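Note that ligands are numbered from 1 as they come in the structure, with each ligand's atoms numbered from 1 the same way. None of the values given here were measured: they were computed from a predicted structure.
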Amino acid sequence: MPSRLTDAFKSHPVHLHHKHPDFSSLQELPDSYAWSAQPEDQPSPEGPIFSPEMSVPIVDLNDPNALKLIGHACKTWGVFQVTNHGIPNELLDDIETTGRSLFNLPVQQKLKAARSPDGVSGYGLARISSFFAKLMWSEGFTIVGSPLEHFRQLWPQDYAKFCDTIEEYETEVKRLAGRLMWLMLGSLGITKADVKWAGPKGDFKGASAAVQLNSYPTCPDPDRAMGLAAHTDSTLLTILYQSSTSGLQVLKEGTGWVTVPPVHGALVVNVGDLLHILSNGLYPSVLHRAVVNRTRHRLSIAYLYGPPSSVQISPLSRLVGPGHPPLYRPITWNEYLGTKAKHFNKALSSVRLFSPVVNGLVDVNDHNAVKVN
Ligand SMILES: C=C1C[C@]23C[C@@]1(O)CC[C@H]2[C@@]12CCC[C@@](C)(C(=O)O1)[C@H]2[C@@H]3C(=O)O
Ligand SMILES: O=C(O)CCC(=O)C(=O)O
Ligand SMILES: [Fe+2]
């Protein structure tokens, strides 16, 4: 039987020994949450620099040039924002309300739907927490497929309306993800005939995905705290709704951390590790993180989109040839998630066929796991 996304961590359970925090009771930042500043976090002596080249591109999907603009954004940034994407603002408001209702529940209630160490779905700390000595100022809730089972535990009387919202969002965002896949692949000259696992209609019907609700409560000392530590996503692509509070930052080579400002109704799309592999390294899987703030409880909703979980992903043959050897070995999404659970930010280099140093190639995705303290 082919494996499912829900089986991804069966052989790589992630044990988090941290207590689940009640953020609202913390008036001061406990030492366990105090991250020391990294050199790249220091403000530049000239102050913040703003210019169009320094901003994550915004692409209007109705623009006749969208394909080209997306290709350029993927190559230079690995991330862009989209407008006119077809997901109604009312649905974005509804999913934000659902997320807020969930995270506003008492901790003991949320823990009724806790994610198990070898499971994917449920409430808990970010999976990558186990790689860091310090705790992140956030909590998350992961949903794969139907949220029914967990939502019944959270709201025994009231779960139906919340389930409907999530399911409606999953339908809409899945359609958008398929459309974005063809725009991102199309910008590399890839056609439907090149990607057999996208299905006969090219609709990525068997794709797997997770909805990740992230909550970043108000923080008494935001400059020393970290919402979600720097990471790349183990996906083909991720679609993020970051509501109206900023917090998402992406690392731009040569510039440093760049804030992605919330644009009303826009969604952030980033290249994930598996699209980096498919593109044979042409599109970087962008390193990103979330910072927190003193006065606003920030919510973000990520749609983590990947291939059917047992399809072998490898550099597309059209992008491989003399002078362009395949840079990565084939790997399934489930196997890759296991590799990420073990190696975190070194997961991509662990599936790389050629060492970037030995071959004189610079791998923009050769990030080291940044352990703080
Ligand atoms: C499919 C998945 C990707 C993810 C692990 C997960 O099973 C569901 C949660 C995802 C997430 C969201 C926050 C950041 C991240 C690194 C994490 O800890 O959980 C990603 C994982 C990932 O992309 O590797
Ligand atoms: O909250 C954010 O802005 C980032 C969330 C994120 O990176 C993720 O869920 O993978
Ligand atoms: Fe992410």
Aromatic ring proximity Phe132/Phe344, centre distance under 6.0 Å: yes
Proximity of Tyr328 and His276 rings by center, below 6.0 Å: yes
Within 6.0 Å of NE2 in His297, more than 12 heavy atoms from elsewhere: yes
NZ (Lys174) with more than 12 external heavy atoms under 6.0 Å: yes
Geometric cation-pi criterion Arg289 and Trp257, 6.0 Å radius, 45° cone: yes
Could you give the N/O to N/O pairs under 3.5 Å linking ligand 2 and the protein, each with its distance?
unit_1	atom_1	unit_2	atom_2	d
ligand 2	1 (O)	Tyr216	OH	2.7
ligand 2	1 (O)	Arg298	NH1	3.1
ligand 2	1 (O)	Ser300	OG	2.7
ligand 2	3 (O)	Arg298	NH1	3.3
ligand 2	3 (O)	Arg298	NH2	2.8
ligand 2	7 (O)	His231	NE2	3.2
ligand 2	7 (O)	His288	NE2	3.1
ligand 2	9 (O)	Asn214	ND2	2.9
ligand 2	10 (O)	His231	NE2	3.3
ligand 2	10 (O)	Asp233	OD1	3.3

With a cut-off of 4.0 Å, which atoms of ligand 1 are near a heavy atom of [X]?
X: Ile128; answer: 16 (C), 18 (O)
X: Leu304; answer: 10 (C)
X: Val120; answer: 7 (O)
X: Asp233; answer: 23 (O)

So which protein heavy atom does [atom] come closest to, and at what separation?
atom: atom 21 (C) of ligand 1; value: Ser234 OG, 4.7 Å
atom: atom 3 (C) of ligand 1; value: Leu337 CD2, 4.0 Å
atom: atom 8 (C) of ligand 1; value: Thr142 CG2, 3.6 Å
atom: atom 13 (C) of ligand 1; value: Leu228 CD2, 4.2 Å
atom: atom 9 (C) of ligand 1; value: Gln212 OE1, 3.5 Å
atom: atom 14 (C) of ligand 1; value: His231 NE2, 3.6 Å
atom: atom 7 (O) of ligand 1; value: Phe9 CE1, 3.3 Å

Whether [Y] and [X] form a salt bridge (side-chain N of Lys/Arg under 4.0 Å from carboxylate O of Asp/Glu) is what I want to check.
X: Asp164; Y: Lys161; answer: no
X: Glu335; Y: Lys340; answer: no
X: Arg175; Y: Asp203; answer: no

Residue list, ring-ring contact (aromatic ring centres under 6.0 Å, His included) with His150, at least two apart or on another chain: Phe141
Considering all heavy atoms, the nearest Ala73-Pro57 contact: CB-CG, 3.7 Å
For the student: nearest non-hydrogen atoms of Trp197 and Pro307, plus distance: CZ3-CB, 3.8 Å
Parallel, tilted or perpendicular: rings of Phe162 and Phe151 (30°, 60°): perpendicular
Apex the Fe ion (ligand 3) - arms NE2 from His231 and NE2 from His288 - angle rounded to 10°: 90°
Residue portion contacting ligand 1 (non-hydrogen atoms closer than 4.0 Å) for Trp333: side chain
Nitrogen or oxygen atoms of Arg127 and ligand 1 under 3.5 Å apart: yes
N/O donor-acceptor pair under 3.5 Å between Ser314 side chain and Pro330 backbone: no
Check: Arg115 side chain, Gly124 main-chain N or O, donor-acceptor pair, under 3.5 Å: no
Per-atom contact, atom 1 (C) of ligand 1, protein heavy atoms, under 4.0 angstrom: yes
For the Fe ion (ligand 3): the N/O/S atom of Asp233 at shortest distance: OD1
